[in-house]
Amino acid sequence: MLEKRTPISVGEAVCNLMKFASPGLIEMVALELAHGRYLSEDLVADQDIPSFDRSPYDGFAIRSEDAVQATKDHPVTFEVIGKIGAGSVYSGKVGPFQAVRIMTGAEIPKNCDAVIMLELTSQYEENGQTYIDIKRSLKHGANISVQGEDARKGMILAKRGTYIHPGIMALLATFGYSQVPVARKPVIGIIATGSELLDVKEPLVPGKIRNSNTYMILSQIQRAGGEAKYLGKLSDDLETCYSAVKASLNQVDMLITTGGVSVGDYDYLPAIYEKLGATVLFNKVAMRPGSVTTVAHLDHKLLFGLSGNPSACYVGFELFVRPIVRTSLFNGKPHLKKEKAILGESFLKPNPFTRFVRAKLTYDEGKLMVSPSGFDKSSAVSSLAEANALIVLQGGTRGYDKGMYVDVLLLEDHQGSEWPW
Ligand SMILES: Nc1nc2c(c(=O)[nH]1)N[C@H]1C(S)=C(S)[C@@H](COP(=O)(O)OP(=O)(O)OC[C@H]3O[C@@H](n4cnc5c(N)ncnc54)[C@H](O)[C@@H]3O)O[C@H]1N2
Ligand code: MOO
Ligand SMILES: [Mg+2]
């Protein structure tokens, strides 16, 4: 007899699921490989930046008290007693009316408390000795980048769970992290089910299609921060699929299957969960696409039964798999970031269930504009090409007109959101 499925709201489904979300493990990676990973510890300044007073200009370091009287009409002369570039330290003592030629980034010599830019001095030689004239007074501390002005020792510069982008890389290097503590990527298995599926390199034959979901999910896993492990595509055969799912569980942290979750004669995932003794958290969500998305767990290992339909599979991943992955990466905002955007074209379909429309979001003179990115069926692949957002249209609505503000979920963002939206 056909199993009765009771749809639950997206919010309820996510809340049920997030009870199984937990922070993952830690590993060290070489700094040059850290881009795109997530910090497993707060990044704390273990030194001031800069760690010494330094010159922001090429010029001359002096004692400001000596230049108090300097004016255009009465320049003050300084004897240049040395020269330092960045990386060098002037070891001599600078006395009254003496100056040290200094380059950008070099440490300010002891006794000096101001720098005058090269362009504001006139230099001359007399008896093999260099002198400069200064035509303006300088305040104590003028043109000095003081120790700690950029960051103070002890400051937290990035929280645990932060995505490592070029700016974080700069800080990691600044603080001497040749090895970076990061979240270990959760290993996520992918099994594609469907007797109609061809390998990507196979030519089309009647009735068959190429397995696109695997590669789409592979990429979604990488975008979310996980590590994908493709475990193959299987024909719709209960025993084969059951054995493959069972065998995969020792190799992965969580498993995604695509296809076979609906009510067709060859949709075996419900039977597989039952045979495994897995607990089904939900098998019907009041959303489109992806209403058949099913999530089960076995000994706290999550099994995501995503739809075979590409757009439904895509949305199911972003709403349900992504937050689990991001949580394991210590990210405190694991869900898609929600924004408001202006609808660029009318979307007049009624929405009995909450609808997630694949969409293209653009920035236009201070406004966020969004339009559906193409063919809007759960079987669609073409609309995924330009999708960088999902428009959220609440269930029970009869369509939306161009110019209205709608909720959008950002797919390419790193800020993320805490639940609920
Ligand atoms: N009588 C009903 N029929 C259907 C229902 C329903 O409630 N009652 N739900 C529909 C909805 S909604 C969806 S979504 C689909 C879900 O189907 P399954 O998840 O069971 O997936 P399959 O039947 O295996 O395949 C569906 C569709 O997707 C194509 N597919 C499958 N795998 C891939 C892949 N790896 N790459 C690309 N495309 C794939 C497959 O060929 C089918 O066309 O069920 C509706 N039916
Ligand atoms: O699960 Mo389906 O995607 O609602 O069309
Ligand atoms: Mg089916």
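Keep in mind the model is a prediction, meaning the values are calculated, not measured. All values below come from the heavy atoms of this structure, side chains included, with hydrogens, waters and symmetry mates left out. Start at 1 and go down the list; that is how both ligands and their atoms are numbered.
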Which atoms of ligand 1 sit under 4.0 Å from any heavy atom of [X]?
X: Lys284; result: 7 (O)
X: Val263; result: 1 (N), 2 (C), 8 (N)
X: Ile209; result: 37 (C), 38 (N), 39 (C), 41 (O)
X: Gly259; result: 19 (O), 21 (O), 24 (O)
X: Ser291; result: 12 (S)

Query raised in the report: What do you reckon, does Pro289 put a non-hydrogen atom under 4.0 Å from ligand 1?
Result: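 No; Pro289 lies far enough from ligand 1 that no heavy-atom distance drops under 4.0 Å.
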For ligand 1, which is the ligand I care about here, please tell me if [X] has any N or O atom under 3.5 Å from one of the ligand's N or O atoms.
X: Thr214; answer: no
X: Ser378; answer: no
X: Gly308; answer: yes
X: Ala192; answer: no
X: Ser262; answer: yes

Heavy-atom check, side chain of [X] versus side chain of [Y], under 4.5 Å:
X: Thr162; Y: Ile168; result: yes
X: Met28; Y: Pro181; result: yes
X: Tyr38; Y: Val182; result: no
X: Ile134; Y: Leu120; result: no
X: Asp376; Y: Arg355; result: yes
X: Ile324; Y: Leu302; result: yes

Any nitrogen or oxygen of [X], side chain or backbone, less than 3.5 Å from one on ligand 2?
X: Arg288; result: yes
X: Thr293; result: no
X: Pro289; result: no
X: Asn309; result: no

Give me the residue, atom name and distance of the protein heavy atom closest to [atom].
atom: atom 27 (C) of ligand 1; answer: Asn309 OD1, 3.2 Å
atom: atom 41 (O) of ligand 1; answer: Glu196 OE2, 2.5 Å
atom: atom 5 (O) of ligand 2; answer: Ser378 OG, 2.7 Å
atom: atom 1 (O) of ligand 2; answer: Ser291 N, 2.6 Å
atom: atom 37 (C) of ligand 1; answer: Ser212 OG, 3.3 Å
atom: atom 35 (N) of ligand 1; answer: Asn211 OD1, 2.9 Å

Report task. Could you tell me whether the side chain of Asn351 and the main chain of Gln394 form a donor-acceptor pair under 3.5 Å? Result ->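 Not a single qualifying donor-acceptor pair exists.
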Heavy-atom pairs closer than 4.0 Å: do any link ligand 1 to the side chain of [X], the backbone, both, or neither?
X: Asp267; result: side chain
X: Thr258; result: side chain
X: Asp236; result: neither

Query raised in the report: Relative to the ring of Tyr163, is the ring of His165 parallel (under 30°), tilted (30 to 60°) or perpendicular (over 60°)?
Result: tilted
To which of [options] does the heavy atom nearest [atom] belong?
atom: atom 33 (C) of ligand 1; options: Val315, Thr257, Asn213; value: Asn213
atom: atom 21 (O) of ligand 1; options: Gly260, Gly290, Gly194, Gly305; value: Gly260
atom: atom 11 (C) of ligand 1; options: Val292, Ile191, Ile217; value: Val292
atom: atom 16 (C) of ligand 1; options: Ser311, Ser195, Ser307; value: Ser307

Query raised in the report: Do Asp48 and Arg152 meet the salt-bridge criterion of a basic N to acidic O distance under 4.0 Å?
Result: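 Result for this pair is yes, salt bridge flagged.
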Query raised in the report: Where is the tightest heavy-atom contact between Leu319 and Val14, given as atom of each residue plus distance?
Result: O-CG2, 4.1 Å
**Report entry** Which atom of Phe375 lies closest to which atom of Ala380, heavy atoms considered
**Finding:**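 Here Phe375 and Ala380 meet closest at O-CB, 3.3 Å.
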Query raised in the report: Quick one: do the Ser311 and Arg358 side chains pair a donor with an acceptor below 3.5 Å?
Result: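 Looking only at side-chain atoms, Arg358 and Ser311 do form a donor-acceptor pair, the distance falling under 3.5 Å.
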**Report entry** No-hydrogen, no-angle side-chain donor-acceptor test under 3.5 Å, Thr104 and Asp58
**Finding:** yes
Query raised in the report: What distance separates Glu339 CD from Gln415 CD, expressed to the nearest 0.5 Å?
Result: 8.0 Å
**Report entry** Interatomic distance, Cys241 atom SG to Tyr266 atom OH [nearest 0.5 angstrom]
**Finding:** 13.0 Å
Requested in this report: Assess Lys340 against Tyr405: is NZ or CZ under 6.0 Å from the centre of the six-membered ring, and within 45 degrees of the ring's axis?
Outcome: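 The answer is no, since Lys340 fails at least one limit relative to Tyr405.
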Requested in this report: Using a strict cut-off of 4.0 Å, indicate which atoms of ligand 2 neighbour a heavy atom of Ala312.
Outcome: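 By the 4.0 Å cutoff, the relevant atoms are 3 (O).
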Query raised in the report: Out of Phe20, Phe282, Tyr314, which one pairs with Phe320 under the ring pair (Phe, Tyr, Trp, His ring centres under 6.0 Å) rule?
Result: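 Going through Phe20, Phe282, Tyr314 one by one, the ring pair (Phe, Tyr, Trp, His ring centres under 6.0 Å) with Phe320 is satisfied by Phe282 alone.
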Query raised in the report: For ligand 2, is Gly290 a contact, meaning one of its heavy atoms is under 4.0 Å away?
Result: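 Within the 4.0 Å threshold, so yes.
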